[in-house]
Protein chains: 6
Amino acid sequence: MTRIGIINPNSTSSMTTAIGAAALRAAHKTTEIIAMQNDRGPASIEGAVDGARAVPGLLDCIERAERGGAMDAYIIACFDDTGLDAARMLTRKPVIGIGEAAARIAAMISRRFTIITTLPVSIPVLEDNLVRYGLASVGTVRASGIPVLGLEADPSAALSTIGEGIRDALRVDRSGAIVLGCAGMADMAQQLSDLHSVPVVEGVSAAVRLAELLTSLELQPRATRTALPRHCSDDVGPR
Amino acid sequence: MTRIGIINPNSTSSMTTAIGAAALRAAHKTTEIIAMQNDRGPASIEGAVDGARAVPGLLDCIERAERGGAMDAYIIACFDDTGLDAARMLTRKPVIGIGEAAARIAAMISRRFTIITTLPVSIPVLEDNLVRYGLASVGTVRASGIPVLGLEADPSAALSTIGEGIRDALRVDRSGAIVLGCAGMADMAQQLSDLHSVPVVEGVSAAVRLAELLTSLELQPRATRTALPRHCSDDVGPR
Amino acid sequence: MTRIGIINPNSTSSMTTAIGAAALRAAHKTTEIIAMQNDRGPASIEGAVDGARAVPGLLDCIERAERGGAMDAYIIACFDDTGLDAARMLTRKPVIGIGEAAARIAAMISRRFTIITTLPVSIPVLEDNLVRYGLASVGTVRASGIPVLGLEADPSAALSTIGEGIRDALRVDRSGAIVLGCAGMADMAQQLSDLHSVPVVEGVSAAVRLAELLTSLELQPRATRTALPRHCSDDVGPR
Amino acid sequence: MTRIGIINPNSTSSMTTAIGAAALRAAHKTTEIIAMQNDRGPASIEGAVDGARAVPGLLDCIERAERGGAMDAYIIACFDDTGLDAARMLTRKPVIGIGEAAARIAAMISRRFTIITTLPVSIPVLEDNLVRYGLASVGTVRASGIPVLGLEADPSAALSTIGEGIRDALRVDRSGAIVLGCAGMADMAQQLSDLHSVPVVEGVSAAVRLAELLTSLELQPRATRTALPRHCSDDVGPR
Amino acid sequence: MTRIGIINPNSTSSMTTAIGAAALRAAHKTTEIIAMQNDRGPASIEGAVDGARAVPGLLDCIERAERGGAMDAYIIACFDDTGLDAARMLTRKPVIGIGEAAARIAAMISRRFTIITTLPVSIPVLEDNLVRYGLASVGTVRASGIPVLGLEADPSAALSTIGEGIRDALRVDRSGAIVLGCAGMADMAQQLSDLHSVPVVEGVSAAVRLAELLTSLELQPRATRTALPRHCSDDVGPR
Amino acid sequence: MTRIGIINPNSTSSMTTAIGAAALRAAHKTTEIIAMQNDRGPASIEGAVDGARAVPGLLDCIERAERGGAMDAYIIACFDDTGLDAARMLTRKPVIGIGEAAARIAAMISRRFTIITTLPVSIPVLEDNLVRYGLASVGTVRASGIPVLGLEADPSAALSTIGEGIRDALRVDRSGAIVLGCAGMADMAQQLSDLHSVPVVEGVSAAVRLAELLTSLELQPRATRTALPRHCSDDVGPR
């Protein structure tokens, strides 16, 4: 049994539930999904300030889980990949952000891809992440302009607006795959894919599958950073 | 049942067998591995000439399999990712090269990684591939100098020589993961990992798992290129 | 007398003839042009699959010529520079692709240039080549949308459509030179140059002249790859 | 009178005092330095985990100061530039990190420069920052291996060890300026400069002067992010 | 007292006067501005030829001033940063170009910025400079199309035309700061900033403040190149 | 008859003679070489200051020749490509720098190449030029440390010292071609090539041949910059 802890960095229970359910749908039957919520986190994460406020509680989640020792991998369920570098210092087990997962998968199925996110405030964060992943020259970021609540309030208008972004992505950016940059769009993935005849990658499912993959390969990722004075680093190899 | 066709681009049966066996070891029990051999290919692939001569037969393999319609994904089992772009034009199903798979996995578990290959003649090919994958700034390529046959002839000398390359990779390149750039090194993966306390990624297992992942996500990767006049391209979106 | 072998990687005689004639027109009178045809190749090359299928026969052409020992240089007359890396492994003599030749010449006469090719399916190949040549930041690729046969079928409509691409290149891409990305456009070079008052570079003539130049400099390009086990590589210098 | 708030993201009072004193020494006499301490922060910051835990309190500092409305600029006194992006979302006033300040100054006085930091664990963070500042091709990062306490414990050994790093920077990296990547090295700046005849840039003084500069130019940096739903972004211009 | 020599590389007295006045307005009261004029220079500098003709006299200015020994820093008051590299070889004191100053300041206050210059002939020079400063991915260059004289002839038309460029910069380039790429626009800075609610950076004031900053940090920038055979270089460190 | 004006940017007659002779040796018999000397230039060019002082006279040379109207192309015979951008503004005819010529030729015959220059002071200039040509990732620059006079004073010691640089280039930089970065090394080209079994590219011959090539292709390179107010630019296309 593979145990994957998927962490909602914000403190909204309904989102934690939805994330857990989405993860479960994507998981193999031999995978157990443990949804965790950062109770200290903000209600939602839109932009760098929210993201920063979410990280300490996120790190506590992982440290707590590590003391229990039961998890085989962790997923950070915020498309900004909030706190990813810090989280990777806490454990040797795989830690995956749903943004990174979706982007790397998209890069394997198309020469170019576009991330459609909600609001423009997220564009710089996602663009910086693409640079970090080496995907800045093959990925673009577009904002639908629809806040998370708008997705639920008027789904068909959302579908239409997101559809415009997709058409621009195909025509102007010449992308061959779309990445949904917000968990709230996940339910639209299949519909959008059918409507526009383009592969649509969603972050939670991509991350669950990648976590299963990395776990099954039985690699020891990074050197762990324990409470000891951290003077070892990834860059000189683990000891 | 997921059916993955793994193609040996060269015509050496013993290698096809070994590749198939390695793939089977890595596969989930719900995955069927079909090992295919390119009978028209050269005996082995070392460098751009061999690689080029291997591609037409490799493409025939895929076209034949596509006519059968049974495969869900394809893996090209040559670390140079020989013929990958052309192969992707033949089908909408995922096509993965073992070099690409290993490199992308390594990039998810360490900031920097080094590919240890056999002979220097392969270095330019692999470096070009790293550029294509956006990983040129995080991956380096080193040659052990041991030809494939040398790996089998004197495994402990090989272990030692490859070990020197790994130490250089850790110390000079500051890598935190090693990628084995030759199927012939696959059996040494675990030993090398334990000896040097560093994650070691091997291409066949990485590719099998990625193929399973992409298949399970039920994405439609590229627009298919059929026998019809190919005037559609990925760059303007699939039809 | 300088002897340049110019190889048509496809198997269409009329194209071989046309290529040879164009090469002859560009050559100095002390240069002998030997046009060679890849009889094993596809009828035409449009995209990565055709390109891949053309390479083995192309390599055979060069190997055969090398056994004869008469050639001083080789030109691969496909704008995709099909098989260029592999071909360079077969001889120490200069091997030039007409795409590379045209791009490098254009880069010497203008800060920015645009390649106008026929169909969109070629755009990714040419863009990848520009990256390889270090010209990705100064060259763009546009597709006229006209297949090769359309150039001959309705030349004035072709002139007009290509003209639109040139105007976009000048205005949007701010290019100062145009590269014709298809041999079939070669006859329009002068007309297009006059119509739009912009330098137009054509691949066959550029390649012939570059082959003459490299030959006359009497450089020994790459270390030759003979039938001996190829374990020397360019990267550690020739021996 | 210009009022600059300089924030120690960690909770160690002696460091806050030292930072404030260093800032005061660098400041013009018309500048008032207000040293602020993040009481919620970790005792020190070494690596991404500490950095992440420091940010929420750092942001609180700035929000509190903004409500008072007295500050003209803010400096984040951690060489990692911890929380810089998030902090810039909270105010239109200049926010400067001492790492960014030192790096940008060094880039104006030498073609190449090297940051000498304490421990290897900081190298990835600083390298990522150099990429963000566009300075990755002109700046390198070296670790002295001496933890902060070691600087105080045996200053002359520290001077010697750091000197080795400086010699490597000059000889191997061909740098013409040194940046001290740790506040604890600040007192050695003049000595190291004289010993090695090389300009040495220190972060607190660089940041104070840059803060004075940006303030005096009376620019309105970023659009402010207030408590209102943040749907404006820098990328579409301020409103 | 800090003494800054600001050099007008062209020979037009009215411009030297205006530059000196602008510098004085920006300077601290403890800074003395010495405006110098290159009497051997062209009447104005528009493009690479003018720029090249201006440099020898510019260098003479600096050499003469160095013999006097009174200056603490130099500013080259041409937005092209004409002769900057050569000037830096003549002295250890800071030498700053107003283009470099403005660009580096803009990069500290906004993720993206746009330089609005006068005529298109300057675009390549400024773009090359952005590459040199590591700012090519965050800065764009637009030409208003208004020559210098047009700015004075019809200021309100100029304001309007430049305003269009600013709107394009905000909307299309997604810039958050504007840099005025011509001294003749300096007087419009505040008006443009207010009109478009965007920070506007002007080169002379930015450079004066940066010169004051670098001087106050008491760094020894480059190794001086004296009349002795110059065989020391910045790249192996100063002696 | 093709007439190529090759300009010595410095004022040393013996060098002008040597350059003219080298050009003549490389030229086709239908090419007339006109050697021109910049009498206003410095005695030699070593570094950015000399280079800058040489440019105005160089531009005068070209303007004078253009008034005569006899030249078909120009070569700037300084390996720094001194004044190349400005010179290209003066004429529509090809203008080539010997550094650019040699680098672009080397890039066509080897994956990697190294420029061996005389003194370290030239390294930054040449590295900047490689960036401009898109060759920064394939070319390196090494300094032999031998000044021009040393080449003539003790040729065999020079041969030996340069040989060390070549060995480093092959072994460390993994280069497959050498470019001689100084006209004074030209006579050693063949000897060095034979000694080290590596292609050696020399700038004057490369430039002469490229000038012949560009002339024979009858392209109109850049829009001419005449004495008229220069408000057209390459970037919006020629008129």
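Within every chain, numbering begins at 1; the chains are lettered A, B, ... in the order of the sequence lines, protein sequences first and strands thereafter. Predicted model, so just to flag it, every value in this text is computed and none were measured.
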Fill in: Non-hydrogen atoms of A:Pro56 and D:Arg53 that approach each other most closely
O-NH1, 3.5 Å
Fill in: Closest-packed option against chain D by number of heavy-atom pairs under 4.5 Å, given A:Val125, A:Leu59, A:Leu58, A:Val55
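Option with the greatest count: A:Leu59.
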Response to the item:
If you tally heavy-atom pairs under 4.5 Å between each of D:Ala54, D:Ala52, D:Gly83, D:Ala143 and chain A, the highest tally belongs to D:Ala52
Worksheet entry | Side chain / backbone / both / neither for D:Asp128 at chain A, heavy atoms under 4.5 Å | side chain
Practice prompt. Measure the shortest side-chain to side-chain distance between A:Val131 and D:Val131 over non-hydrogen atoms and say whether it is less than 4.5 angstrom.
Written response: yes
